[in-house]
Amino acid sequence: PDGGSAPAELALEDRWVLDRLDAAVQAVRQGLADYNPSLALGAARDFFWGSLCDWYLELVKPRLARGGETAATARQVLAYCLDQVLRLLHPFVPFITEHLWQRLNEQVPRRGLGTLAEAPGSPMLIQAAWPQANPALADPEARTTFAELQTLITALREVRSTRLIPQR
């Protein structure tokens, strides 16, 4: 995506996590505008733990292990999502996010997705631009398809757990 890939060229999980990120940005902005910091923090936390860590990271592990262009795309999408979620969480946990921002700057100085989504760099998170909603990242089709996939995977995990079927 660094060269400006169209969303349709991205893998389903990439399109889905970017869609969820866009929804989180909107929810955090709305929570803050409504003077509801609990809603804002909840939206950022839910994206970070639920969408990014719980689902996206698990799905891209095989891509990262294989290497190549698809791994590079996954790394860039992950870096962009981390960049944006650190910005969203910063008002709530500033010392932690500033520390993580410094580490992210060392590891991945350029975190945008080309023309699809920009992430202007900043040496300090407190000076970084606040995330903006990006209609180009909204993907209702990926959201629906992924929701069906999540339902299936969750059901399979439940069956495996209740039937004591070991993981491979």
Side-chain angles (χ1 to χ4, degrees), residues 1-2 4-61 73-105 108 110-122 124-155 157:
D2 195 38
S5 296
E9 297 171 6
L10 297 172
L12 173 64
E13 62 269 19
D14 297 334
R15 295 185 352 254
W16 173 79
V17 77
L18 292 171
D19 173 81
R20 298 296 71 221
L21 173 62
D22 190 58
V25 168
Q26 293 178 46
V28 170
R29 291 177 68 83
Q30 190 61 54
L32 293 175
D34 293 343
Y35 300 102
N36 189 342
S38 178
L39 179 88
L41 177 57
R45 183 196 63 236
D46 290 348
F47 170 76
F48 180 73
W49 286 115
S51 300
L52 190 62
C53 294
D54 202 22
W55 287 96
Y56 185 72
L57 277 177
E58 290 302 316
L59 287 170
V60 298
K61 280 180 183 178
T73 299
R75 278 192 299 277
Q76 198 63 35
V77 169
L78 179 58
Y80 177 75
C81 289
L82 283 171
D83 174 283
Q84 297 297 289
V85 78
L86 287 175
R87 294 173 196 238
L88 293 175
L89 288 168
H90 191 63
F92 307 103
V93 285
F95 296 108
I96 294 168
T97 53
E98 190 67 56
H99 178 76
L100 293 173
W101 182 265
Q102 298 307 316
R103 296 287 181 248
L104 192 58
N105 273 344
V108 191
R110 290 190 50 227
R111 298 187 286 269
L113 301 176
T115 57
L116 180 59
E118 295 179 8
S122 174
M124 296 184 66
L125 178 53
I126 196 163
Q127 298 170 329
W130 186 252
Q132 301 296 315
N134 183 346
L137 299 181
D139 194 332
E141 182 182 329
R143 188 179 322 135
T144 301
T145 302
F146 204 85
E148 293 168 1
L149 181 64
Q150 285 177 303
T151 301
L152 176 64
I153 291 171
T154 301
R157 286 177 178 168

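This chain uses plain numbering: 1 for the first residue, then up along the sequence.
- The minimum heavy-atom distance between E98 and M124, with the atom names listed, is OE2-CA, 3.4 Å.
- Around CD of E118, the count of heavy atoms belonging to other residues, nucleotides or ligands within 6.0 Å does not exceed 12.
- We find that R143 and D139 are not joined by a salt bridge, their nearest charged nitrogen and carboxylate oxygen being 4.0 Å or further apart.
- Using bins of under 30°, 30° to 60° and over 60° for the plane-to-plane angle, the ring pair F146/W16 lands in the parallel bin.
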Go through the steps to decide whether L18 and L113 satisfy the test side chain to side chain contact (heavy atoms under 4.5 Å, CB included), and finish with yes or no. CA-CA 11 Å; L18 292 171; L113 301 176; 3.7 Å; yes
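- Residue I126 places its CD1 atom among 12 or fewer non-hydrogen atoms of other residues, nucleotides or ligands, all under 6.0 Å distant.
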What's the verdict on side chain to side chain contact (heavy atoms under 4.5 Å, CB included) for V25 and F47, showing C-alpha distance, side-chain angles and the deciding distance? CA-CA 9 Å; V25 168; F47 170 76; over 6 Å; no
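- Heavy-atom neighbours of Q150 CD from other residues, nucleotides or ligands within 6.0 Å: above the threshold of 12.
- With contacts defined as side-chain heavy-atom distances shorter than 4.5 Å, the pair Y80/L116 does not qualify.
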Kindly indicate, with the supporting measurements, whether the criterion side chain to side chain contact (heavy atoms under 4.5 Å, CB included) is fulfilled by H99 and L125. CA-CA 9 Å; H99 178 76; L125 178 53; over 6 Å; no
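- Residue W49 places its CH2 atom among 12 or fewer non-hydrogen atoms of other residues, nucleotides or ligands, all under 6.0 Å distant.
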Are Q84 and R111 close enough, and set up right, to give a side chain to side chain contact (heavy atoms under 4.5 Å, CB included), and what steps lead you there? CA-CA 9 Å; Q84 297 297 289; R111 298 187 286 269; over 6 Å; no
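- Of all the heavy atoms in A119 and R87, the pair that sits closest is C-NH2, 4.0 Å.
- Applying the side chain to side chain contact (heavy atoms under 4.5 Å, CB included) test between W55 and each of V60, L149, I153 identifies I153 as the sole match.
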